[in-house]
There are 2 protein chains.
Amino acid sequence: MSPRIGLDLPTILQAAVEIADIRGLEEVTLASLAQKLDVRSPSLYNHVNGLSGLRSKLAVHGLEQLLHVMTQAVVGRSGDDAVRELGKAYVAFARAHPGLYDATLRAPDPQDEEVRRLAGETVDLVVRALQAYELKDDAALHAVRGLRSLLHGFSSLEQRGGFGLPLDLDVSFRLLLDTFLAGLHEMKRRAKAEAKPN
Amino acid sequence: MSPRIGLDLPTILQAAVEIADIRGLEEVTLASLAQKLDVRSPSLYNHVNGLSGLRSKLAVHGLEQLLHVMTQAVVGRSGDDAVRELGKAYVAFARAHPGLYDATLRAPDPQDEEVRRLAGETVDLVVRALQAYELKDDAALHAVRGLRSLLHGFSSLEQRGGFGLPLDLDVSFRLLLDTFLAGLHEMKRRAKAEAKPN
DNA sequence: TATAATAACTAATGATATTAGTTTTTGCAA
DNA sequence: TTGCAAAAACTAATATCATTAGTTATTATA
């Protein structure tokens, strides 16, 4: 019987994540969210800057969580082991939170300071995980892009049911990572072979 | 001054593609499309089954074009050359038609007969392009998934501005393909080394 | 205890998709 | 050539959504 339900940002985000993960990101509307929270939709404007503001918050929230699980995955590891665990953590997150994962990529204003900071931290983390391959200068950054492309591509296609074939997805993913890692080793070998003759 | 403007499906799709590529897929609404075609939005229902029907048609249209450019890219080639050209054609398509490319992945009902046919043809094409690597049985299909993951991941992140770093994208892409191909060669070498001792 | 800020609300507007029912044009058959 | 049926446009109406303006109730603080 009351204005003052006790709504706050964490509560709102949690509800939004639930809708996103279960029904899909497109189903996260101010209307559906308000209904879930037992509130009229204009009330949400007291906490969030409209639908686009909500999406931004959701993106940042997802990036934070993703960075966290990736960080946990690589601590105390290096080389192939680190990359493999990083990859497994990435797709596990995307599988556990399909809607939230979607939100991290859709609409996140690249200008947003928070988004830039998290993106930078993530790149740093992966660069460190790739240290063992002795990639010089830009090569390490290119490798980060490559790894991210492959992780996102796999996750995205898996979510969209883009893989029609009746073939074990975990095997596909393991082989993909193995192939990429074998490639990295080969590139490292070539780089050394090229450097030595000088 | 007339019912009978002369609307037909190709015209509608062309207009939808233009909106999608220039303003983004989300901006393809029956309202915006009707305005562009100088028609009232209910008229579109004579040609297309609502917004979702339009999206389906758009997805199929995009898949057809993508398959076409990929096919052109591999004819007369094999091995690394074929895969490289295939990859270049894929990202070139995604760059030239960002909205249409988006449409091929969003919402395409996997049940849709047309979508299944095109997906199957695409897999066949890539399997053939990978013949040189002598992958046996499922390994070829896993490799197709891997290649597609990497191509889609790169294209998707490039479009969303997901790569914040000031680093040449074409170089990143070339290195990614090189790494993957080096990995494939290495996997082939390992498979042979394992087979010989028997 | 009174007041100011906050957080809920109702009401209203504009955009969208969609359906129902209407009109006009066109193509084809008598 | 004429008339009729189907197709393709239309208008009108409804429902859902986001958003803004303005209101009311609650809480915190002076």
Side-chain angles (χ1 to χ4, degrees), chain A residues 1-61 99-100 102-103 106-109 112, chain B residues 1-61 99-100 102-103 106-109 112:
Chain A
M1 190 64 16
S2 58
R4 290 324 146 83
I5 289 216
L7 216 49
D8 60 2
L9 193 54
T11 306
I12 289 176
L13 282 182
Q14 183 187 333
V17 169
E18 280 175 26
I19 296 174
D21 285 342
I22 294 172
R23 297 200 261 149
L25 187 57
E26 334 69 53
E27 296 294 318
V28 178
T29 65
L30 293 185
S32 69
L33 189 54
Q35 187 179 19
K36 187 181 183 79
L37 292 167
D38 228 337
V39 141
R40 304 308 177 116
S41 58
S43 304
L44 296 171
Y45 283 78
N46 285 314
H47 304 272
V48 136
N49 188 14
L51 184 59
S52 68
L54 173 66
R55 288 185 176 146
S56 290
K57 299 264 189 211
L58 212 48
V60 169
H61 185 62
L100 184 55
D102 224 17
R106 200 115 47 150
D109 184 5
D112 186 305
Chain B
M1 185 70 12
S2 58
R4 290 324 144 86
I5 290 216
L7 217 49
D8 59 3
L9 193 55
T11 305
I12 289 176
L13 283 182
Q14 183 187 332
V17 169
E18 280 176 25
I19 296 174
D21 286 341
I22 295 172
R23 298 201 262 149
L25 187 57
E26 333 71 52
E27 297 293 318
V28 178
T29 64
L30 293 185
S32 68
L33 189 54
Q35 187 179 18
K36 188 181 183 80
L37 292 167
D38 227 337
V39 141
R40 304 308 176 115
S41 58
S43 305
L44 296 172
Y45 284 78
N46 285 314
H47 304 272
V48 136
N49 189 13
L51 185 58
S52 69
L54 173 65
R55 288 185 176 145
S56 289
K57 299 264 189 209
L58 211 47
V60 170
H61 185 61
L100 184 55
D102 223 19
R106 198 116 48 151
D109 185 5
D112 187 304

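Everything numeric in this text was worked out from a predicted model, so none of it was measured. Lettering of chains follows the sequences in order, A, B, ..., and the numbering in each one begins at 1.
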To the nearest Å, how far apart are [X] [atom1] and [N] [atom2]?
X: B:Leu9; N: D:dA8; atom1: CG; atom2: P; answer: 11 Å
X: A:Leu30; N: C:dC9; atom1: CG; atom2: C1'; answer: 16 Å
X: B:Arg55; N: C:dT18; atom1: CZ; atom2: C1'; answer: 14 Å
X: A:Ile12; N: C:dA7; atom1: CD1; atom2: P; answer: 10 Å
X: A:Glu27; N: D:dA18; atom1: CD; atom2: P; answer: 11 Å
X: A:Leu33; N: C:dA8; atom1: CG; atom2: P; answer: 12 Å
X: A:Leu44; N: D:dT20; atom1: CG; atom2: C1'; answer: 15 Å
X: A:Glu26; N: C:dT16; atom1: CD; atom2: C1'; answer: 17 Å

Under 4.0 Å between a side-chain N/O of [X] and OP1 or OP2 of [N], yes or no?
X: A:Tyr45; N: D:dT19; value: yes
X: B:Ser43; N: D:dC10; value: yes
X: B:His47; N: D:dA9; value: yes

Looking only at side-chain atoms of [X], point me to the closest of [options].
X: A:Arg40; options: C:dA7, D:dC10, C:dT10; answer: C:dT10
X: B:Leu51; options: C:dC9, D:dA9, C:dT18; answer: C:dT18
X: B:Pro42; options: D:dA9, C:dA20, D:dT19; answer: C:dA20
X: B:Asn46; options: C:dC9, C:dT18, D:dA9; answer: D:dA9
X: A:Val39; options: D:dA9, C:dT18, C:dC9; answer: C:dC9
X: A:Ala31; options: D:dA18, C:dT16, C:dC9; answer: D:dA18

Report task. Salt-bridge test for B:Arg23 and B:Glu18: reply yes if a basic N is under 4.0 Å from a carboxylate O, no otherwise. Result ->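 Salt bridge between B:Arg23 and B:Glu18, a charged N being under 4.0 Å from a carboxylate O: no.
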Requested in this report: Check for a donor-acceptor pair, side chain of A:Asn49 on one end and backbone N or O of A:Leu54 on the other, with a separation under 3.5 Å.
Outcome: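 No; zero donor-acceptor contacts below 3.5 Å.
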Query raised in the report: Would you say A:Leu58 and A:Leu25 make side-chain contact, with heavy atoms under 4.5 Å?
Result: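 Yes, side chains in contact.
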Query raised in the report: So, for B:Leu30 and B:Ser41, which heavy atoms are closest and what is the spacing to 0.1 Å?
Result: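 Scanning both residues, the minimum pair turns out to be O-CB, 3.8 Å.
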Query raised in the report: What's the shortest heavy-atom distance between A:Ser32 and A:Ile19, and which atoms?
Result: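 It is OG-CD1, 3.8 Å.
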